[in-house]
Q: 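Structure incoming, see below.
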Amino acid sequence: MGLKKGKPTPETDIPGERHQARDLDGLLQALHADEPMARRWAARDLAAHPEATADLVKQLRREPENSVRQVILSSLTNIGNEAAIQGLIDCLYLEDAMLRNAAIDVLKELPDQVAPFMGRLLQDPDPDVRIFAVDVLESLRHPRVEEWLIEVISQDAHVNVCATAVDLLGEVGSDQAKTALLSLKQRFADEPYIQFAADLALKRIEADGA
Amino acid sequence: MPNQPQISDEDFQKFREFFYRKTGMLFEDSKRYFVDKRLLDRMAATNNETFRGYFTMLRFQASGAELQALINLMTVNETYFFREEYQFRCLVDSMLAELVTRRPLNKPIRIWSVPSSSGEEPYGIAMYLLEHWPLLRQWDVEIISSDIDTSILKLAKQGLYGERAVQHVPEPLLKKYFMRVGTQYQVRQTLREAVEFTQVNVSDSADMRSHRHFDVIFCRNLLIYFDDLSRKKTAESFYDALNPGGFICLGHSEAMSRISSLFQIRRFPEAIVYQKPLEAR
Amino acid sequence: MKRILVIDDAATVRLYHREILEKAGYQVAEAINGLEALEKIEEAPFDLYLVDINMPKLDGYGFLRALRQREMPQAPAIMISTESSDSDRQAALVAGANLYILKPTRPEHLLPYVQSLLGEWQRT
């Protein structure tokens, strides 16, 4: 007994019970296997197959096992094509809060691919979707971020959408946001949170200029 | 001096929030001098005369290279034997103690140390087990250590170290497990043979498939350098590399709470580690 | 001094609640999402939790469910949300919230709730 030299896992040891081929057809079959471990490995390897996007999106919405969902989400993020983004955006309208938040989480990691959808999302009739869109701006490396945020705090009627935007302006705001921040304070004069957040952003912008 | 760049209170706050969100590392006010100094260093290195200019670059740079450089400075990463020793104590006194309660004697316990770097960690674990885990007489333990970099793997297999790397190794252990080779110390052959070194890219699904059935994974100070998606994917691969109930140890400035919700938090007297649920399938 | 954990992914919201609660004499700690909150309570439990619903990695529901399963001294939790539907309120209460209030909060609404939840807790 004692320390023994370990060995890597042999190729004959296959995760999950079924020995499916690792080509597209085999992986798509394994994506519906009974064993969560087999589904996870299939979802992981499908990241290399953009043509599997629709199947991954479909499985995501009915997958009961959180660990498999997470891997599907990662693979969709990796694929990152328009169908994958659309599939993830569709999750924002679901009742299932866990899936909704998980989708927001990964969309934040795809700022460039989400950017083309941004205009529409910021105008969505559902304020929660607009809040999410502002959340995604947080990670967006895009020259228009500040401009979008200024538009939101100048135009959006919903206090919580503005609250989320002003929070982010505290980090990325510059001189050009000042006027909009001041008028936001007037528009929501009786909301202590908006006063607090706008003042904080203004203070930080002032300190920047100094 | 005119135009000497400064970090204002507001700048510090803003930076602190951003860095915390990105890495999970939170700087107290008492660390202000430490943080300011490093920020000013990076501002100078990147030719930014104002904090605003630097912060915009840090935040919006597509490659994330500046954030990495800054993380490097803030974490002061050094490899030496018995670095963050409390986790080895946790391994012996808590994790292994729990693992053996549900493990038949004929099934070896498997430990994975990744990245191996130049080998200080896997050899350190081996020494620690030999010295502090009496049950090693009853159980087999396999240590595998991996790195993406073949040249560093070669160094690790050689096991040759300078004075600095072994400064925290107590004298008796230095005598017992090392040989002097000129000005350097070489890990004795018996110990070198106890560790298997392999090349692994943790982002590669095929590489990960050949590294499974582990009971404990040490992955310290690697994920912090990855972007969010790579971190999440690696954590998901580790999930499948672990046996149910297996543990994962991250570096002290890394937080699983920024990475993945798949693991359970376990607080042991020595450290907080993460566990794959026992009932996981 | 009573200890309150403020759990929200928005830094400004955490700061806002910190100031309100500290002024009222509470000791405040922060967490950026449900997972970090679970790490924090492993160090020491709190007297009250102020929990946002929508957060990355582990949301408010997930945090509360995990908290309520722990074998540890339990404490009241206030769920804060931007959503005003009955189903959200119901889900928050089922997950283990004692109270559900809407964002943005106001000090004059929030503080009486905090005080009464802490007071009730002491009596039982």
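In what follows, chains carry the letters A, B, and so on, assigned in the order in which the sequence lines appear, proteins first and then strands, with residues in each chain numbered from 1.
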Q: Can you tell me which portion of Lys108(A) sits under 4.5 Å from chain B's heavy atoms? Options are side chain, backbone, both or neither.
A: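 For Lys108(A), no heavy atom lies under 4.5 Å from chain B.
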
Q: Relative to chain A, which segment of Arg281(B) carries a heavy atom at a distance below 4.5 Å: side chain, backbone, both, or neither?
A: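 Its backbone and side chain both get close to chain A.
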
Q: Heavy-atom pairs under 4.5 Å with chain B: which of Val145(A), Asn78(A), Leu110(A), Asn66(A) has the most?
A: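 Max contact count across the listed options: Asn78(A).
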
Q: What part of Phe15(B) gets within 4.5 angstrom of chain A, counting heavy atoms only: side chain, backbone, both, or neither?
A: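 Nothing of Phe15(B), per the 4.5 Å heavy-atom cut-off to chain A.
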
Q: Which atoms of Asp228(B) come close to chain A, meaning under 4.5 Å heavy atom to heavy atom: side chain ones, backbone ones, both, or neither?
A: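 It is both, since atoms from each part get that close.
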
Q: Counting only heavy atoms not in Met98(A), do more than 12 fall under 6.0 Å of its CE?
A: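 No - once you tally the heavy atoms of other residues, nucleotides and ligands closer than 6.0 Å, there are 12 at most.
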
Q: Quick one: what part of Leu229(B) sits under 4.5 Å from any heavy atom of chain A, side chain, backbone, both or neither?
A: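 Both parts, backbone and side chain.
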
Q: Evaluate side chain to side chain contact (heavy atoms under 4.5 Å, CB included) for Lys5(A) paired with Val195(B), printing each intermediate quantity in order.
A: CA-CA 6 Å; Lys5(A) 206 172 179 103; Val195(B) 177; over 6 Å; no

Q: Less than 4.5 Å to any heavy atom of chain A: does that hold for the side chain of Leu130(B), its backbone, both, or neither?
A: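 Only the side chain of Leu130(B) comes within 4.5 Å of chain A.
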
Q: Taking 4.5 Å as the heavy-atom cut-off, does anything in residues 198-206 of chain B contact chain A, and if so which residues?
A: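 Result: Thr198(B), Ser205(B).
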
Q: Please classify the contact of Asp105(A) with chain B as side chain, backbone, both or neither, using a heavy-atom distance under 4.5 Å.
A: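 It is neither, since no heavy atom gets under 4.5 Å.
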
Q: With respect to Glu171(A), which candidate in Lys14(B), Arg52(B), Arg21(B) satisfies the salt bridge (Lys or Arg N to Asp or Glu O under 4.0 Å) definition?
A: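 Among Lys14(B), Arg52(B), Arg21(B), the one that satisfies the salt bridge (Lys or Arg N to Asp or Glu O under 4.0 Å) with Glu171(A) is Arg21(B).
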
Q: Around Gln158(B), counting heavy atoms of other residues, nucleotides and ligands shown, do more than 12 lie under 6.0 Å from its CD?
A: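 Count over threshold, so yes.
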
Q: Under 4.5 Å from any heavy atom of chain B, what part of Glu109(A) do you find: side chain, backbone, both or neither?
A: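 Only the side chain of Glu109(A) comes within 4.5 Å of chain B.
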
Q: With a 4.5 angstrom heavy-atom cut-off, is it the side chain or the backbone of Ser174(A) that approaches chain B, or both, or neither?
A: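 Both parts, heavy atoms under 4.5 Å.
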
Q: Under 4.5 Å heavy-atom distance to chain A, tell me which part of Thr50(B) shows up: side chain, backbone, both or neither.
A: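 Neither; nothing under 4.5 Å.
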
Q: Measuring from Arg69(A):CZ to Leu262(B):CG, what's the distance to the nearest 0.5 Å?
A: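 CG of Leu262(B) is found 12.5 Å from CZ of Arg69(A).
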
Q: Using non-hydrogen atoms and a 4.5 Å limit, figure out which bit of Val172(A) sits close to chain B: side chain, backbone, both or neither.
A: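 It is both, since atoms from each part get that close.
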
Q: Do you know the tightest heavy-atom contact between Glu142(B) and Lys7(A)?
A: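 Heavy atoms only, the tightest pair is OE1-N, 4.0 Å.
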
Q: Heavy-atom pairs under 4.5 Å with chain A are the metric here; pick the option from Arg59(B), Glu193(B), Met208(B) that has the most.
A: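 Maximum pair count with chain A is reached by Arg59(B).
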
Q: Would you mind checking which part of Gln13(B) comes under 4.5 Å of any heavy atom in chain A, side chain (CB onward), backbone (N, CA, C, O), both or neither?
A: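 Contact with chain A involves both backbone and side-chain atoms of Gln13(B).
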
Q: Taking all heavy atoms of Leu3(A) and all of Ala194(B), pick out the closest pair and write down the distance.
A: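 What the structure gives for the nearest pair is CB-CB, 3.9 Å.
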
Q: Name the region of Glu138(A), side chain, backbone, both or neither, that has any atom closer than 4.5 Å to a heavy atom of chain B.
A: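 Both parts, backbone and side chain.
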
Q: Tell me which of these, Pro111(A), Ser74(A), Ala102(A), has more heavy-atom pairs under 4.5 Å with chain B than the rest.
A: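 Maximum pair count with chain B is reached by Ser74(A).
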
Q: Measuring from Met37(A):CE to Asp240(B):CG, what's the distance to the nearest 0.5 Å?
A: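 Between atom CE of Met37(A) and atom CG of Asp240(B) there are 6.5 Å.
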
Q: Side chain, backbone, both or neither: which part of Ser237(B) has a heavy atom under 4.5 Å from chain A?
A: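 Contact with chain A is through both the backbone and side chain of Ser237(B).
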
Q: If every non-hydrogen atom of Thr9(A) is compared with every non-hydrogen atom of Arg209(B), which pair is closest and at what distance?
A: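 The pair with the smallest heavy-atom distance is CB-O, 3.9 Å.
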
Q: With a 4.5 angstrom heavy-atom cut-off, which part of Asp112(A) approaches chain B: side chain, backbone, both or neither?
A: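 Contact with chain B involves no heavy atom of Asp112(A) at all.
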
Q: What do the steps show when you test Thr77(A) against Lys232(B) for side chain to side chain contact (heavy atoms under 4.5 Å, CB included), and what is the final call?
A: CA-CA 11 Å; Thr77(A) 314; Lys232(B) 179 169 179 279; 5.7 Å; no

Q: Which atom pair, heavy atoms only, marks the closest approach of Ser8(B) to Ala207(A)?
A: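 Between these two residues, the closest heavy atoms are OG-CB, 3.9 Å.
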
Q: Let me see the working for Gln70(A) and Ser260(B) under side-chain hydrogen bond (donor to acceptor under 3.5 Å, both in side chains), right down to the final yes or no.
A: CA-CA 9 Å; Gln70(A) 293 298 332; Ser260(B) 166; 5.9 Å; no

Q: Sort Ile143(B) into side chain, backbone, both or neither according to what part of it lies under 4.5 angstrom from a heavy atom of chain A.
A: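 Both parts, backbone and side chain.
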
Q: Could you check whether any side-chain heavy atom of Ser210(B) comes within less than 4.5 Å of a side-chain heavy atom of Glu11(A), counting everything from C-beta outward?
A: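 Ser210(B) vs Glu11(A): side chains apart.
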
Q: Determine whether Glu196(B) and Pro8(A) make a side-chain contact, defined as any pair of heavy atoms from C-beta on separated by less than 4.5 Å.
A: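 The answer is yes, as the side chains (C-beta and beyond) meet within the 4.5 Å cut-off.
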
Q: Taking side chain as everything from C-beta outward and backbone as N, CA, C, O, which of these in Tyr239(B) sits under 4.5 Å from a heavy atom of chain A? Side chain, backbone, both or neither.
A: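 The side chain, not the backbone.
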
Q: If you count heavy-atom pairs within less than 4.5 Å of chain B, which of Leu200(A), Val68(A), Asp45(A) leads?
A: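 Of the options given, most contacts go to Asp45(A).
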
